[in-house]
Amino acid sequence: MTDLPPSGTPHDGAAVPPIAQPHPPFPVVRLLYSVLFGVIAYVVLHLIFAVALIQFIVLAINGKVNDELKRFSAGLVQYMWELLAFITFVRDDQPFPMGPFPKH
């Protein structure tokens, strides 16, 4: 049995290399889901703009916003946040259609 000096290096003065920790495998499935949710987010963004335009038209005609469109818009914005949060690793819960549709 060989004795190491108190510094933890072998007798010849060479440092012991640290043990490399293996990193987890690349999340291919999450990447595929992120691409899918990115396409959905692209569609949802355009839908949000369309609902906003409709809301402006309703406001111009009636003088007030439509409450049903307002609630629908709030749900779309929440859904867009969930999509972007999953894509950017802010949250791990998958958004609709893999998870529940956001309630607002």
Checklist entry - So how far is it from W81 CH2 to R91 CZ, rounded to the nearest 0.5 Å? => result 5.5 Å
Next on the checklist: Set out, in order, the CA-CA distance, both residues' side-chain angles and the distance that settles side-chain contact (heavy atoms from CB on, under 4.5 Å) for I48 and V44, then state yes or no.
Outcome noted: CA-CA 6 Å; I48 289 171; V44 169; 4.0 Å; yes
Checklist entry - Distance-only, no hydrogens or angles: does the N62 side chain make a donor-acceptor pair with backbone N or O of K64 under 3.5 Å? => result no
Item to check | Geometric cation-pi criterion R30 and F86, 6.0 Å radius, 45° cone | outcome: yes
Item to check | Straight-line distance of S73 OG to D67 CG, nearest 0.5 Å | outcome: 11.0 Å
Next on the checklist: Quick one, F26 with L31, criterion side-chain contact (heavy atoms from CB on, under 4.5 Å). Give me CA distance, side-chain angles, the key distance, then yes/no.
Outcome noted: CA-CA 9 Å; F26 185 78; L31 174 66; 4.0 Å; yes
Checklist entry - Rounded to the nearest 0.5 Å, how far does CZ of F56 lie from CG of L69? => result 12.5 Å
Item to check | Single-linkage hydrophobic cluster, 4.5 Å side-chain cutoff, M80 and V43 together | outcome: no
Checklist entry - Could you give the distance from CZ (F37) to CD (E82), rounded to the nearest 0.5 Å? => result 10.0 Å
Checklist entry - Do the side chains of L45 and V51 join up, straight or via other hydrophobic residues, at under 4.5 Å, putting them in one cluster? => result yes
Item to check | Cluster check F89, V28: I/L/V/M/F/W/Y, side chain < 4.5 angstrom | outcome: no
Checklist entry - Quick one: CD1 on I54 to CZ on F72, what's the gap to the nearest 0.5 Å? => result 9.0 Å
Checklist entry - How are the rings of H46 and F49 set relative to one another: parallel (under 30°), tilted (30 to 60°) or perpendicular (over 60°)? => result perpendicular
Checklist entry - Measuring from I40:CD1 to I87:CD1, what's the distance to the nearest 0.5 Å? => result 9.0 Å
